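Here the structure is laid out as structure tokens; the discussion comes afterwards.
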Amino acid sequence: MLNKDQAADIFKKLKSYSSADEIEVIFYGGKTALTRFANNIIHQNVAEENYGVSLRTVFNGRTARATTNKLDDESLRRVVAASESLAKVQHPDPELLPVADKSVRATRTLPSRHFAQTAALTPEDRAEGVKKIVGVAEKHKLTTAGVFSCGETIEGIFNSRGLAQWHAQTSSEISITMLADKSSGWQKANSPNVAHLDAECLAEIAASKAIQSAAPRELPAGKYTVILEPAAVLDMAGFMFWDFAGLAILDQRSFLTNRVGTKLFGDNINIWDDAAHPLQSGSPYDGEGVPRERLQLVENGVIKRLVYARATAEKMRKSEHKDQVGPVEATGHGFPLPNEVGEAPMNIVFGAPAKENEKTVDQMVASTERGVLVTRLWYIREVDPYEKILTGMTRDGTFYVEDGKVKHGILNFRFNESLIHMFSNVEEMGAPVRASGEESFDMVVPAMKVKDFNFTEVTKF
Amino acid sequence: MKEIASWALNTAALRGASYADARIVDDRSRALSTKNGKVGGASDAESLGIGIRVIADGAWGFAATENLSRAAVEATAARAIEIAKASARVKQENVRLAPEKPATAEWKSQCGIDPFSISVEQNLELLLKIDAELRSVAGVTLAETNMNLRREEQWFFSSEGANIHQTKYVTGAGYCAYAFAGNEIQKRSYPNSFGGQWQNKGYELIEELKLLENARRIGEEVVALLKADQCPAGTFDIILDSSQLGLQIHESVGHPIELDRVLGMEANFAGTSFLTLEKLRALRYGTELVNVVADARDEHGPGLGTFGYDDEGVAAQCTPIITNGLFTGYLSSRETAHTISLNRSGGTLRSESWNRLPIIRMTNISILPGEKPLTLEQLIASTDNGILMQTNRSWSIDDKRYNFQFGTELGWEIKNGKRVRMLKNPSYSGITTDFWNSMDAICSRDEWTLWGTPNCGKGQPQQVMGTGHGASPARFRNIKVGSAYKGT
């Protein structure tokens, strides 16, 4: 693994090769491996090791980036030349800020996200995990497909004003689909610590969903009370956090334009961005090295805060929106410069309901007279950017609920649903958990019971 | 490069590989963009490394490294063997590869003008001019432009003796304008969404696209959309422009014909397919007018799915996918060919770069143009009551590729053969085979464009691949319109 001392040496070389006013260097890479299975066998099995540097040079209001995965002297000189030549030909931008200062605020201490057991996982260990999953499938006469992956990665950022941030972590993930003749079930979990993943338990849940939804029946499209498991909530919610960028407001492409400070969701919706949350993952600083602040984005349904890269905060302070968007400061959510989108909160943590109101999925089912239980959603896309209407499909375990009981599997639905409407209609929710889907970045989200969820069509399976 | 690959292949053989291949890829790219009159992004990137794929104990292993020293390459080959042996612990049968005569070949994509030979100043000047033209229209609240240039050089060697060197240039460019007012955000893109048009070409593509010439129209259209009527809901005849039809092909033909999906190999992520094996040469996919090919050959044009050889050394081919409406072919690889009784792979195994395992990917999945001369304007003139839909805005399809819903940026109501009013927020939905069986007209060659889709995601770890889709505008009868806004 590339370590911080080696990175510091590379940074020194890059600095000595450059004639720029300022430089900023991002280090990335690591070792990753993924074992993929389908039809009850391992059919793809891969590993990769790759490290690189991404250099940004600054000349009097002009900046550009160049990236290479070659760390020899010749390649480092080449990446300096590439970045400088791209930067020098631009017109100066008077709004371009100097690279970040190391004294903006203290970097928050994270819970450990590097685990030796995860880093030491071998192909044999992953094969053993897959064997257990296949064993569950065979026991239930099902076919399984999925992944068991792991990795050990670094990310660092150094700049010529003395900033030097470094983060190393491990990751592991298991995703399982169980297939029956006309139904399927799914589960997915990930953690920096592989000891937190229970392959057999996930396989049994996925299998039970496939078995329970065998011989699915068709329900008519329409508005239903839905119980969305955490992965389904996550994949919907993920579409709105890009709109919490200050720059998205300035660009007038956010659904929060003219809505910050207003009550957009139900009283029971509270959302934070918190990189140091024990169930979160990733580094405690942003693409410029600015430490990430803990922020409450939504309080009792009211849009409270936006996030800002340094430059966006400067622009917002000078804009017509400045008095309507809450506190304006660099919050540590910027992406590496130069970029067009500015920033976004990527460590989302939903607030838990009061303990006495917290419901399990089973309790939500029990309180539902007529509804639909959704395991997972698929191929979600934005239909309307300001009303935040999303379309997508249910997948891998969709059930009809009647009189407080899961009755049977149903054919999958297409939905067209506004996120504003959805988060205004949450009747019950569970304890937030770390969830992982396929459409969005991982978050800490609860299961939710939502009334009047808008299913518009039914597919054939 | 041959020597580096030999370190990998020799190590694999010594450690028990029954088959091995090594791909070295040297990738160089440049991305330029502007936003509201300023440079939004300017970046160069290069990536070089080797991916080693082996079969040992009858199972697959793959390992990749950016370190091309002898020690690192040999260690990576040994790691691939270790991984293959672990794979063999959960297998049922040995991997079988369809035979392929090892090729020694050199291939280059079209490139009239090396895109990296054009100065960055010239590129940015063009983008900033377009940006200014878009914003010269009152009501445009955001303008964005982009230009992407790539050169990928690949060396492929196999234990069977293949030695293939390919160089590919990819150029892409486009722009979009947004208008925000009241409770509405509208967007128009040119020449397509997804960053514009992309092809395996050099800088000549930029010159062909007439980017600046169309900017004012795009700005005017996005502002006009704010005042346009909402697209009605109901059942209509619809005409799709060629770029939207290209995406319709991608989602409702291209993905379901991927044989790995059909065989369940993508069940956990990308999904499976309704096109189960018994449907080959039995399913009526569309009307007699529907003729679709998967064509990776140079003669099909410089699409993002054009190459000399795929990433396991199989020469580019043209496979008839839908022939006069009948389903006639899948996308296959050396490993999967036998499942449909083929003696040879269809040559569609492709990888994002050196660090990814090649998997079945679309090549150029194109609908052939109508044989009778028919322009878009003639097609409109022959339509009594319909909606013309242009430029994709949203797209979604289920994981077996049956039920789809698409939205487009712009619609035109057609009455008695004439465009009578602009419509905003058009959308349509349906079931794949019902949809293709409703196509009753397709424009001829003059209206046919080979579009590039640069962002097709598939595989775990996910790989992003460029695919090509040739299409000309076509008409579909009695299609459900407007579900996207129903009940919202």
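We use all heavy atoms of the structure for the numbers below, so side chains are in, but hydrogens, waters and symmetry mates are not. Because the structure is a prediction, the values reported are computed rather than measured.
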>> For B/E46 and A/T67: C-alpha separation, side-chain torsions, deciding distance, then whether side chain to side chain contact (heavy atoms under 4.5 Å, CB included) applies.
In response: CA-CA 6 Å; B/E46 59 177 30; A/T67 302; over 6 Å; no
> For A/R253, is it the side chain, the backbone, both, or neither that has a heavy atom closer than 4.5 Å to a heavy atom of chain B?
Replying inline: both
> Is the backbone N or O of B/L48 less than 3.5 Å from a side-chain atom of A/N69, with the two atoms forming a donor-acceptor pair by type?
Replying inline: yes
Only distances under 3.5 Å count here; give the side-chain donor-acceptor pairs of residues 75-84 of chain B to other protein atoms, sequence neighbours excluded, each with its distance to 0.1 Å.
from  : atom 1 : to    : atom 2 : distance (Å)
B/T76 : OG1    : B/A72 : O      : 2.7

> Are any of the side-chain heavy atoms of A/L86 and B/R30 separated by less than 4.5 Å?
Replying inline: yes
> Heavy-atom distance under 4.5 Å between the side chains of A/R36 and B/E266, does that happen here?
Replying inline: yes
>> Between B/K38 and A/E340, does any side-chain N to carboxylate O distance fall below 4.0 Å?
In response: no
>> Need one label for A/V134: side chain, backbone, both or neither, based on atoms under 4.5 Å from any heavy atom in chain B.
In response: side chain
> Quick one: what part of A/K188 sits under 4.5 Å from any heavy atom of chain B, side chain, backbone, both or neither?
Replying inline: neither
>> Which atoms of A/R62 are under 4.5 Å from chain B, going by heavy atoms: the side chain, the backbone, both sets, or neither?
In response: neither
> A/L247 versus chain B, heavy atoms under 4.5 Å apart: side chain, backbone, both or neither?
Replying inline: side chain
> With a 4.5 angstrom heavy-atom cut-off, which part of A/E382 approaches chain B: side chain, backbone, both or neither?
Replying inline: backbone
> What pair of heavy atoms forms the shortest contact from B/S483 to A/T456, and how long is it?
Replying inline: O-CG2, 3.8 Å
> Which answer fits A/N412, side chain, backbone, both or neither, if we ask what part of it has an atom under 4.5 Å from a heavy atom of chain B?
Replying inline: neither
>> To check you understand the geometry: which heavy-atom pair defines the closest contact between B/S394 and A/V383, and what is its length?
In response: OG-CG2, 4.1 Å
> Side chain of A/W378, backbone of B/G271: donor and acceptor closer than 3.5 Å?
Replying inline: no
> Where does B/Q462 contact chain A at under 4.5 Å (heavy atoms): side chain, backbone, both or neither?
Replying inline: neither
> Parallel, tilted or perpendicular: which describes the rings of A/Y379 and B/W395, with under 30° parallel and over 60° perpendicular?
Replying inline: perpendicular
>> Check this for me, if you would: do A/R414 and B/D398 make a salt bridge, where the nitrogen-to-carboxylate-oxygen distance has to be below 4.0 angstrom?
In response: no
> Nearest heavy-atom pair of A/Q90 and B/A42: which atoms, and what distance?
Replying inline: NE2-CB, 3.5 Å
> For A/T391 and B/S396, which heavy atoms make the closest approach, and how far apart are they?
Replying inline: CG2-CB, 3.8 Å
> For chain B, which of A/V89, A/T63, A/N258 has the most heavy-atom pairs under 4.5 Å?
Replying inline: A/V89
>> On a heavy-atom basis, which atom in B/A86 and which in A/A127 lie closest, and how many Å separate them?
In response: O-CB, 3.6 Å
> Which heavy-atom pair separates B/W60 from A/H43 by the least distance, and what is that distance?
Replying inline: CD1-O, 3.5 Å
> Side-chain donor-acceptor pair under 3.5 Å between B/N403 and A/T459, yes or no?
Replying inline: no
>> Regarding B/T488 and A/N416, do their side chains bring together a donor and an acceptor under 3.5 Å, going by distance alone?
In response: no
> Can you pull out the residues in residues 49-57 of chain A with any heavy atom less than 4.5 Å from chain B?
Replying inline: A/E49, A/N50, A/Y51
> Which atoms of A/T68 come close to chain B, meaning under 4.5 Å heavy atom to heavy atom: side chain ones, backbone ones, both, or neither?
Replying inline: both
> Is it the side chain or the backbone of A/L337 that comes within 4.5 Å of chain B heavy atoms, both, or neither?
Replying inline: neither
>> I need the residue from B/S87, B/S119, B/G41 with the largest number of non-hydrogen atom pairs under 4.5 Å to chain A.
In response: B/S87
> With a 4.5 Å limit on heavy-atom distance, are the side chains of A/F461 and B/D399 in contact?
Replying inline: yes
> Does any heavy atom of chain B fall under 4.5 Å from the side chain of A/D125, the backbone, both, or neither of them?
Replying inline: neither
> Does the side chain of A/E457 come under 3.5 Å of the side chain of B/S429 through a donor N or O and an acceptor N or O?
Replying inline: yes
